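The next block holds one structure in the form of structure tokens; read it before the comments.
Keep in mind that what you see is a predicted model, and the values were worked out from it rather than measured.
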2 protein chains.
Amino acid sequence: MKNKTVILVEDDPDLQESIGQIIRHLPGLDLIKIIGDGLEAVKIIPDLHPDLIFMDINLPGCSGIECCSTLLAENPEILILMLTSFEDDDSVFNSLKAGATGYLIKKDLTLKLQEAVEDLLSGGSPMSPSIARRVVNSFRKPEAVSNQQLETLTIQEEKVLHLLSKGYQYREIANELFISIFTVKTHLRNIYRKLQVRSGTEAILKLFNKPS
Amino acid sequence: MKNKTVILVEDDPDLQESIGQIIRHLPGLDLIKIIGDGLEAVKIIPDLHPDLIFMDINLPGCSGIECCSTLLAENPEILILMLTSFEDDDSVFNSLKAGATGYLIKKDLTLKLQEAVEDLLSGGSPMSPSIARRVVNSFRKPEAVSNQQLETLTIQEEKVLHLLSKGYQYREIANELFISIFTVKTHLRNIYRKLQVRSGTEAILKLFNKPS
DNA sequence: AGCAAAATACTCCATTCGGCTGATTTCTTC
DNA sequence: GAAGAAATCAGCCGAATGGAGTATTTTGCT
């Protein structure tokens, strides 16, 4: 099988060297370019059509996260593995939103890089354990909302709220559930009281749990 | 170090046997109970205070996902690893929302279970590669919305939409931005046109990127 | 069987929302 | 400096929304 082409985007010369060496020693990979600047990366990478990019976050010119967005907008098939020492929520989730397929923190890089690459190429999303835990926990519904409040909603109330959260209007909810629009209103009144909100928009916020 | 106690929740007798055997052969684990029914699981597990639960989804009595919710509501520190053959989005994401810490599909169970357990216990979230990819991709913002549409919003339009997404009413947005309510309406009108939606609720859905 | 909760339905009323049309004033940008 | 985009403000209208009150039927559970 043909080797996969790899580009490393990293500005620290020491890390360029050390990570570059690691990559060069991995079987099946061709490190075709090392780039130290974000703007340069978005400029020249599209012409190099690599299979993989190993991307740092803290880059001069333009952050690695913005690079992801830009590069993937044109070449959605590129697999980007974030390789960084940041593990704050913003870095992690903005990277994933930008389209990164994996996220390794540098400290466990040496050991894991080979299997991360295999994982990437075989359809997975390699993440450092602590990152995976964060990502998974981000789905978890916090106590406060789901247990104290949402759970007091009755079956029908939940259905109504769910449809509302999909953008349905009262009339459409009524048709969907085979009840009258008045009943929908009654349910919503009770929902708003239970959730202590005053509009559908606020109720949806509680449902989606976006405290912001 | 003290062994970790494990409960297996699985209704298929064959799998009870085979998975049970695998667990018993893993070092550092004590398989203290095998349960074949969802309702029984939520009833007796709290008294057994296990460290880990390996949970099937398709159970009689009550689904493994509901079991997660219920059990974690009382004992949030339990680590639950979903062990199932389902890999549809609903199963995966509802499990994570319910609080599962890992998700393995049964076919690559034998090979991965040991390292999955180590991963779990050391703060990670083991997932089958295809599951991790799904989870990661769920963060990705679809082309259509973020690139073509959201980016065409002007500064002020984004501010208005942002406040709207926090549950503000027109009047409140106007006060917040020191503009008149008519201006807010104008911005909203342009936003709705650009996003091709017909209501604030739908606009928020696009913003939060919650398809369906 | 009987009670409590849930689900259903309706009316009245005030507010809000969204569509439509228009306008003036910056601010960029070429 | 002219063209165009962005931001501002305004009024009208009909539909949708939300609050309060009330009442009947159905369900769930003991």
Side-chain angles (χ1 to χ4, degrees), chain A residues 146-208, chain B residues 38-40 42-43 60-63 66 69-70 145-208 210:
Chain A
S146 45
N147 289 352
Q148 290 177 12
Q149 299 179 314
L150 275 190
E151 285 192 6
T152 68
L153 296 185
T154 66
I155 310 282
Q156 202 71 347
E157 285 167 354
E158 281 189 11
K159 286 185 187 170
V160 170
L161 183 53
H162 180 243
L163 290 176
L164 187 75
S165 78
K166 290 170 72 172
Y168 284 51
Q169 293 183 325
Y170 290 7
R171 200 171 304 283
E172 297 170 317
I173 296 174
N175 291 336
E176 189 76 16
L177 297 179
F178 304 108
I179 57 181
S180 100
I181 196 173
F182 304 107
T183 311
V184 173
K185 280 175 51 115
T186 303
H187 285 315
L188 281 174
R189 176 160 33 117
N190 294 329
I191 291 170
Y192 293 169
R193 179 177 43 74
K194 287 180 181 177
L195 297 185
Q196 296 183 307
V197 297
R198 307 184 62 75
S199 74
T201 308
E202 285 184 73
I204 292 171
L205 288 179
K206 288 227 172 188
L207 184 69
F208 286 168
Chain B
L39 287 176
E40 193 187 345
V42 302
K43 190 173 298 176
C62 149
S63 86
E66 292 172 77
S69 286
T70 313
V145 176
S146 47
N147 291 350
Q148 292 178 11
Q149 300 180 314
L150 274 190
E151 286 190 8
T152 68
L153 295 186
T154 66
I155 310 281
Q156 201 72 348
E157 284 167 356
E158 280 187 12
K159 285 184 187 170
V160 170
L161 183 54
H162 180 242
L163 290 176
L164 187 76
S165 79
K166 290 170 73 172
Y168 284 51
Q169 293 183 327
Y170 290 8
R171 198 171 304 282
E172 297 169 317
I173 295 174
N175 291 336
E176 188 77 17
L177 298 180
F178 304 108
I179 57 180
S180 99
I181 196 173
F182 301 106
T183 311
V184 174
K185 283 176 51 129
T186 303
H187 286 316
L188 261 310
R189 176 161 37 91
N190 293 329
I191 291 170
Y192 293 168
R193 179 177 42 74
K194 287 179 179 177
L195 298 185
Q196 296 182 310
V197 297
R198 305 183 54 77
S199 74
T201 308
E202 286 183 65
I204 291 171
L205 288 179
K206 287 226 172 189
L207 186 68
F208 286 166
K210 296 269 179 182

For the residue pair B/L161 and B/L195, establish whether any side-chain heavy-atom pair is separated by less than 4.5 Å. yes
Rounded to whole Å, how long is the line connecting atom CD of B/E157 with atom C1' of D/dA5? 11 Å
CD (B/E202) and OH (A/Y168) are apart, to the nearest 0.5 Å, by 10.5 Å
Could you check how far CG of A/N175 sits from P of C/dA9, rounded to whole Å? 12 Å
Take the protein atom CZ of B/R171 and the nucleotide atom C1' of C/dC17, then report the distance between them rounded to whole Å. 11 Å
Holding to side chain to side chain contact (heavy atoms under 4.5 Å, CB included), I want the full list of residues that pass it with B/L177, two or more places apart in sequence or in another chain. B/Q156, B/K159, B/V160, B/L163, B/I173, B/I179
Here the distance between atom C1' of D/dT17 and atom CG of A/L164, to the nearest Å, is 10 Å
Per atom distances to the A/T183 side chain, the nearest of C/dT8, C/dT16, D/dA7 is C/dT8
If you assign B/I181 and A/F178 each to the DNA chain C nucleotide with the nearest heavy atom, which residue ends up on the more 5' nucleotide? A/F178
For B/G167 and A/T201, which heavy atoms make the closest approach, and how far apart are they? CA-CG2, 3.8 Å
Closest heavy-atom pair, B/A203 versus B/Y192, reported as atoms and distance to 0.1 Å, is CB-CE2, 4.0 Å
Here the distance between atom P of D/dT8 and atom CG of B/L177, to the nearest Å, is 8 Å
Interface polar pairs with nucleotides 24-30 of chain C, N/O, under 3.5 angstrom:
none

Using salt bridge (charged side-chain N to carboxylate O under 4.0 Å, His left out) as the criterion, list what pairs up with A/E157, not counting sequence neighbours. A/K194
Is there a residue in residues 184-193 of chain B whose heavy atoms reach under 4.0 Å of DNA chain C, and which residues are they? B/K185, B/R189, B/Y192
Supply the atom-to-atom distance B/E66 CD to B/L39 CG, rounded to the nearest 0.5 angstrom. 8.5 Å
From CZ of B/F182 over to P of D/dC13, roughly how many Å is that when rounded to an integer? 14 Å
Euclidean distance, atom CD1 of residue A/I173 to atom C1' of D/dT17 [Å, nearest integer]: 11 Å
Between A/E158 (CD) and C/dA7 (C1'), how many Å, whole number? 15 Å
Name all residues meeting the side chain to side chain contact (heavy atoms under 4.5 Å, CB included) criterion together with B/A174; count only those two or more places apart in sequence or in a different chain, and write none if there are none. B/I181, B/V184
Does any N or O in the side chain of A/E172 come within less than 3.5 Å of the main-chain N or O of A/Q169, such that one atom is a donor and the other an acceptor? yes
Report yes if the side chains of B/R189 and B/R193 come closer than 4.5 Å at any heavy-atom pair, otherwise no. no
Residue A/R198, side-chain heavy atoms: nucleotide from C/dA7, D/dG11, D/dG19 that is nearest: D/dG19
Can you check each nucleotide of nucleotides 24-30 of chain D against protein heavy atoms at under 4.0 Å and return B for base, S for sugar-phosphate only, - for none, in 5' to 3' order? -------
Distance (rounded to the nearest 0.5 Å) between A/I204 CD1 and A/L164 CG: 4.5 Å
